[in-house]
Undergrad: 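Okay, handing you the structure first.
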Amino acid sequence: MKVVDVAVVGSGHNALVAAAYLARSGLGVQVVERDTVIGGAVSTVERFPGHFIDRGSSAHLMIRHTGIIEDLDLAAHGLSYVDCDPWAIAPARAASTAPAIVFHRDLDATCTSIAAACGMSDADAYRRFVSVWGPRSERVMRAFAAAPTPGHLVRSFWGLANRKTADELSRQFLSSGNALLDEYFTDERLKAALAWFGAQSGPPMSEPGTAPMVGFAALMHTLPPGRAIGGSGALTQALAGRIRADGGLITTGDAVESIARTGSTWEVRSAGSTIRARRVLAGCHILTTLDLLDRGGFDPNALASWRKQIHVGPGIGMAVRLATSALPTYPVVPQNLSATGLQLLVDDRRQLEAAHGAARAGELPPTPAVLGMSFTALDPSTAPPGQHQLTLWAQWHPYELSNGRNWADVGEAAAEHIVAEAERFAPGLTESITHRYVQTPAALSEELGLIGGNVMHVEMSLANMFMWRPTPQLARYRVAGAPGLYLTGASTHPGGGVHGASGRSAARTILADRRNPFRGRR
């Protein structure tokens, strides 16, 4: 049987980024995917006739700051972006005549909008916020760009503070997002909008260590979120083109059943084939990887210990994917400003806290926190002429419901609640809906392998980040006691979101271990 250099299990965008770097380095790479569609949560399918709808992510924020797109020359394989500018709006509810807060790429234009909606004091505070947290967020991205070793983390932030300011810097980095917002701003609508932006990482902004998630908004004035032409899946399609151009193979519709060590190589067994490989890179959920190792005869005590340390949490949210006859219309907001970016439909942080608390108890949110995205305003190619799409993402919704309820019974009612909340900001939305597809936490788990309905795989709280993600023994993209087996994906550093950094770092780890085999065994 032919032995390939690297077998890649799963085709999430991080797995494909790693495969692309490895194939470009001359290694023989074979990607095996259980689904018939590559990309996992970064994929786009025809949900309704003529409507190509994202299955997971829609706007790409972080990967545009990594250099991966340029490094792999993905433009040559069909990937192109259009900037979301404005990148976000926070409209008032329809009953109010208050101006919307509009976040442009241009800082001056953003501050002008904040001054009109919240007052000059908050506009000046936002300018200070961006000047302070812009450089800090760049350092966070630098920390995300390589394996989470203590040395790399120190170098990433070196020079950001001196002896006199180091204590204050560390305090702010470890503080909650809400505390940071209270330090800078007065207007609750502005605080709620930025808290809701930060909460897209998963945790509520009341948790310690979430200040950098709010601070990441400052980086959007350097390079805003981008919409991939053709849908989110255009990224993974371009990665697949890059892999194939460099000789790599991608197999779909073949679910891996076990990963086993056999002598000096690994065997990746599926219903349709067995691949023998010198190295294996697992890009699926970490708990799925542990199950595959279990069926391959790996140490059950180690697996049991790791499972206990991995915190998936109660789930994050759910999505309602809509085909519509028109773009959403927010009163007092010109449509050319409202439809291009993230529509932050929250005006009070108490709504966020109530929703998160309910999810912890297995309950539906009293008032869902809704994020709207209508990217047919930027890219009409994904819908039939004259038609549009709107995604409503809502947090927090638990995977396991209380009192024995299940999502098959409550999913449609929860979707109605989400649409009704969006209607309070954009009157007439409901009448424009022509098709609807509901992705409950249970549906996200079943379709995309997002165990527990957590789109970030593992909770993004401070104790589950950096060298602790997903556990200390499984950090740095290796599996203790399994030389030649590597990890990537949202389960690993730096976590969830469309960034590709985990894939690039995993590829670098494999290549370094190949040059120095002792390093990998150690």
Side-chain angles (χ1 to χ4, degrees), residues 6-12 14-15 18-19 30-41 56 251-262 265-277 279-316 399-400 441-459 464 468-493 495-496 502-503 506:
V6 184
V8 180
V9 180
S11 69
N14 278 294
Q30 184 167 353
V31 179
V32 186
E33 168 59 53
R34 71 177 180 91
D35 202 345
T36 56
V37 178
I38 65 167
T251 303
T252 59
D254 192 13
V256 173
E257 297 176 345
S258 67
I259 301 173
R261 183 75 175 178
T262 57
T265 61
W266 289 86
E267 283 191 356
V268 177
R269 303 188 185 106
S270 67
S273 64
T274 296
I275 302 171
R276 181 165 291 174
R279 297 166 185 83
V280 173
L281 176 63
C284 41
H285 195 291
I286 182 58
L287 293 178
T288 300
T289 301
L290 298 187
D291 289 343
L292 295 176
L293 286 172
D294 191 13
R295 292 195 286 271
F298 194 79
D299 179 2
N301 294 323
L303 296 174
S305 174
W306 294 335
R307 286 190 182 102
K308 290 178 181 179
Q309 297 176 55
I310 294 168
H311 301 287
V312 172
I316 294 181
Y399 177 74
E400 293 186 1
L444 290 169
S445 178
E446 181 179 352
E447 181 179 8
L448 300 176
L450 299 170
I451 293 174
N454 189 340
V455 296
M456 303 296 180
H457 285 202
V458 178
E459 285 196 325
N464 297 301
W468 307 295
R469 188 173 187 88
T471 76
Q473 298 82 11
L474 300 176
R476 306 186 193 180
Y477 315 108
R478 299 186 184 90
V479 177
L485 179 61
Y486 300 86
L487 304 173
T488 190
S491 300
T492 64
H493 171 77
S502 168

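The analysis underlying the following values was restricted to heavy atoms, covering all of them including side chains, and did not include hydrogens, waters or symmetry mates.
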Undergrad: Taking all non-hydrogen atoms of both residues, which atom of Gly296 and which atom of Ser258 are closest, and how far apart?
TA: N-CB, 4.0 Å

Undergrad: Could you grab the distance from atom OG1 of Thr492 to atom CZ of Arg469, nearest 0.5 Å is fine?
TA: 7.5 Å

Undergrad: Please report the closest heavy-atom contact between Gly489 and Ser502, naming both atoms and the distance.
TA: N-OG, 3.0 Å

Undergrad: Does Leu485 reach the side chain of Leu293, with side-chain heavy atoms less than 4.5 Å apart?
TA: yes

Undergrad: Donor-acceptor check, side chain of Arg261 to backbone of Phe298, threshold 3.5 angstrom: yes or no?
TA: no

Undergrad: What heavy-atom pair brings Leu487 and Leu474 nearest, and what distance separates the two atoms?
TA: CD1-O, 3.6 Å

Undergrad: Looking at Thr274, is its backbone amide N or carbonyl O close enough to the side chain of Arg269 to form a donor-acceptor pair, meaning the two atoms are under 3.5 Å apart?
TA: no

Undergrad: Heavy atoms only: give me the nearest Thr289-Ala282 pair and the separation to one decimal.
TA: OG1-CB, 3.5 Å

Undergrad: What's the spacing between Ile451 CD1 and Ile286 CD1 if we round to 0.5 Å?
TA: 9.5 Å

Undergrad: State, yes or no, whether a side-chain contact exists between Trp266 and Arg276 at a heavy-atom distance under 4.5 Å.
TA: no

Undergrad: Please answer whether the main-chain N or O of His493 pairs with a side-chain N or O of Arg476 as donor and acceptor at a distance below 3.5 Å.
TA: no

Undergrad: Does any N or O in the side chain of Ser11 come within less than 3.5 Å of the main-chain N or O of Gly39, such that one atom is a donor and the other an acceptor?
TA: yes

Undergrad: Using modelled atom types and a 3.5 Å cut-off, is there a donor and acceptor pairing between side-chain atoms of His285 and backbone atoms of His457?
TA: yes

Undergrad: What residue among Leu290, Asp294, Leu292 forms side chain to side chain contact (heavy atoms under 4.5 Å, CB included) with Ile259?
TA: Leu292

Undergrad: For the pair Thr488 (side chain) and Gly503 (backbone), establish whether a donor and an acceptor sit closer than 3.5 Å, ignoring hydrogens and angles.
TA: yes

Undergrad: Where is the tightest heavy-atom contact between Glu459 and Pro314, given as atom of each residue plus distance?
TA: OE2-CD, 3.6 Å

Undergrad: Test of understanding: with salt bridge (Lys or Arg N to Asp or Glu O under 4.0 Å), list the residues that count as partners of Glu447, not counting sequence neighbours.
TA: Arg47, Arg55

Undergrad: Report yes if the side chains of Val32 and Val8 come closer than 4.5 Å at any heavy-atom pair, otherwise no.
TA: no

Undergrad: Would you mind listing every side-chain hydrogen bond (donor to acceptor under 3.5 Å, both in side chains) that reaches into residues 304-314, with sequence neighbours excluded?
TA: Asp291-Arg307, Ser305-Gln309

Undergrad: Can any side-chain N or O of Ser445 pair as donor or acceptor with the backbone N or O of Ala442 at less than 3.5 Å?
TA: no

Undergrad: Work out which heavy atom in Val458 is nearest to a heavy atom in Pro470; give both atom names and the distance.
TA: CG2-CB, 4.5 Å

Undergrad: To the nearest 0.5 Å, how far apart are CE in Met456 and CG in Asn464?
TA: 13.0 Å

